[in-house]
Amino acid sequence: MSYKKISIQAKNLYKEFEIGNLNILNFISLKKKKIIALNDLNFKILQGEKIGLIGNNGAGKSTLLKIISRITSPTSGSLTLYGKVGSILEAGVGFNLQLSGIENIYLNGAILGMSRKYIQNRVNEILNFSELLKFKDIPLKKYSTGMQIKLAFAISIFMESDILILDEVLSVVDQNFQKKCLKKIIQSCKNNNRTLIFVSHNLENVEELCHKTIYMRDGVIKIFDETRKVIDLYKSDLKK
């Protein structure tokens, strides 16, 4: 029996935000209100696992992903990563709208830790996969949101990362590209033993891609189990 290493481990992970109330009449900041985004999360994700992450808006999913991506820090508790993280959380993050598509590949690739030589060797594959080869010299400000997502995904999928995070990025692209992306994700995770966290409201995609899923609600993990079981519970809750 082969032993799988831990890829991500959360221990008593807690995150709160403070929101100040403003008295518009006299511009006085009133007492700040604390909002608990994550409340005592504990879980382990093993290397090579493909994990879905579902839940209603405001459940804490994005906050968790931002902590995993090192965009923000927890208020208390710890989250330990074993490997390099690549993530697509929003369209255009790390892009410069004034630069061309190919220039943004070099820029975003460098931000993600790719060497210039590595990007040079992969740039044609990235452009071909993104289906944007003929737009490579056009400024990104003229790209649609879907085109930016395609480029962002193509760059990230060719990144040499141990952990890949995708947050709803495929929802704004056409179905043919979605299918191509899902196939590429499965292939990449299998070939590179890459860990995946996939966030989507498209439960069919989650079920197709992920063998286990985390269901979050009100900042806590309600269940972390086999995907079919988790989705059934989530659907049941939606009917209540």
Side-chain angles (χ1 to χ4, degrees), residues 7-19 34-46 49-81 83 85-94 145 149 152-153 156 161-173 178 181-182 185 189 194-240:
S7 182
I8 304 171
Q9 183 168 18
K11 292 183 179 179
N12 307 117
L13 195 65
Y14 179 86
K15 179 68 176 180
E16 67 178 29
F17 298 99
E18 285 190 347
I19 298 178
K34 290 183 178 180
I35 295 178
I36 299 174
L38 302 176
N39 194 358
D40 196 29
L41 270 59
N42 292 275
F43 62 86
K44 291 179 184 178
I45 296 174
L46 301 181
E49 286 191 313
K50 297 183 286 294
I51 305 299
L53 181 58
I54 63 175
N56 293 336
N57 293 333
K61 304 186 303 296
S62 294
T63 301
L64 176 58
L65 296 186
K66 287 177 180 177
I67 291 176
I68 296 174
S69 302
R70 300 302 196 216
I71 295 172
T72 189
S73 301
T75 304
S76 62
S78 66
L79 186 130
T80 307
L81 301 171
V85 178
S87 60
I88 309 177
L89 303 184
E90 298 175 29
V93 173
T145 299
I149 285 293
F153 181 86
S156 182
S161 63
D162 304 295
I163 302 166
L164 179 62
I165 301 172
L166 301 178
D167 181 9
E168 288 291 357
V169 294
L170 299 180
S171 61
V172 297
V173 297
Q178 283 189 38
C181 289
L182 292 174
I185 293 168
C189 290
R194 177 185 274 182
T195 304
L196 173 72
I197 299 179
F198 180 63
V199 186
S200 180
H201 289 294
N202 187 324
L203 300 180
E204 290 182 4
N205 285 345
V206 174
E207 188 169 10
E208 179 181 353
L209 194 59
C210 306
H211 64 288
K212 293 176 69 177
T213 294
I214 295 172
Y215 167 23
M216 292 189 66
R217 185 171 181 176
D218 299 327
V220 301
I221 293 176
K222 184 164 184 178
I223 185 174
F224 182 10
D225 209 324
E226 294 180 3
T227 296
R228 182 69 263 168
K229 181 178 178 180
V230 175
I231 287 177
D232 286 344
L233 178 60
Y234 178 59
K235 287 182 176 179
S236 176
D237 284 351
L238 290 177
K239 295 177 181 177
K240 293 179 181 178

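One is the number of the first residue; the rest follow in order along the sequence.
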- Message: The test is side-chain contact (heavy atoms from CB on, under 4.5 Å); show your working for Glu49 and Ile8 and say whether it passes.
- Response: CA-CA 10 Å; Glu49 286 191 313; Ile8 304 171; over 6 Å; no

- Message: Assess the residue pair Leu164 and Cys189 against the criterion (side-chain contact (heavy atoms from CB on, under 4.5 Å)); give the C-alpha distance rounded to whole Å, side-chain angles, the decisive distance to 0.1 Å, and a yes or no.
- Response: CA-CA 9 Å; Leu164 179 62; Cys189 290; 5.6 Å; no

- Message: Test side-chain contact (heavy atoms from CB on, under 4.5 Å) on Leu166 and Ile185; report intermediate values, then the result.
- Response: CA-CA 10 Å; Leu166 301 178; Ile185 293 168; 3.3 Å; yes

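A pairwise comparison of heavy atoms in Gly52 and Val206 identifies CA-CG1, 4.2 Å as the closest pair. Listed here is the closest heavy atom pair of Asp40 and Asn12: OD1-ND2, 2.9 Å. Considering every non-hydrogen atom in both Ala10 and Leu79, the closest pair reads CB-CD1, 4.1 Å. Considering all non-hydrogen atoms of both residues, Asn39 and Ile36 come closest at CB-CG2, 3.9 Å. Leu41 approaches Gly219 most closely through the heavy-atom pair CD1-O, 3.2 Å.
Applying the side-chain hydrogen bond (donor to acceptor under 3.5 Å, both in side chains) criterion to Glu208, with sequence neighbours excluded, gives no partner residue. Partners of Arg217 by salt bridge (charged side-chain N to carboxylate O under 4.0 Å, His left out), not counting sequence neighbours, listed by chain and number: Asp237.
Rounding to the nearest 0.5 Å places CG of Leu65 at 12.5 Å from OG1 of Thr72. Rounded to the nearest 0.5 angstrom, Glu226 CD and Glu207 CD are separated by 11.0 Å. With values rounded to the nearest 0.5 angstrom, Ile197 atom CD1 is found 13.5 Å from Lys50 atom NZ. If you take CD1 on Ile231 and OG on Ser236, they are separated by 13.5 Å, rounding to the nearest 0.5 Å. In this structure, CD1 in Ile51 is found 10.5 Å from CG in Leu209, a value given to the nearest 0.5 Å. The distance from the CD1 atom of Ile214 to the CG atom of Asp225 is 11.0 Å, given to the nearest 0.5 Å.
Remark: the backbone N or O of Glu16 is paired with a side-chain donor or acceptor of Thr75 at under 3.5 angstrom. No donor-acceptor pair closer than 3.5 Å links the side chain of Lys61 to the backbone N or O of Leu53. With Arg194 contributing its side chain and Ser161 its backbone, the two residues share a donor-acceptor pair below 3.5 Å. With Lys15 contributing its side chain and Ser73 its backbone, the two residues share a donor-acceptor pair below 3.5 Å. Between the side chain of Thr227 and the backbone N or O of Lys212, at least one donor-acceptor pair lies under 3.5 Å. With hydrogens and angles disregarded, no donor-acceptor distance shorter than 3.5 Å links the side chain of Ser69 to the backbone of Ile71.
Residue pairs meeting the ring-ring contact (aromatic ring centres under 6.0 Å, His included) criterion with at least one partner in residues 219-240, sequence neighbours excluded, are Tyr215-Tyr234.
Looking at Leu38 and Met216, their side chains come closer than 4.5 Å, going by heavy atoms from C-beta outward. Side-chain contact between Val85 and Arg70: absent, with no pair of heavy atoms (C-beta onward) separated by less than 4.5 Å. Residues Thr195 and Asp162 have side chains not in contact (no heavy-atom distance under 4.5 Å, counting atoms from C-beta outward). Using a 4.5 Å heavy-atom cutoff, the side chains of Phe198 and Thr213 are not in contact.
Remark: of the listed residues Lys235, Lys229, Arg228, Arg228 is the sole one forming a side chain to side chain donor-acceptor pair (under 3.5 Å) with Asp232.
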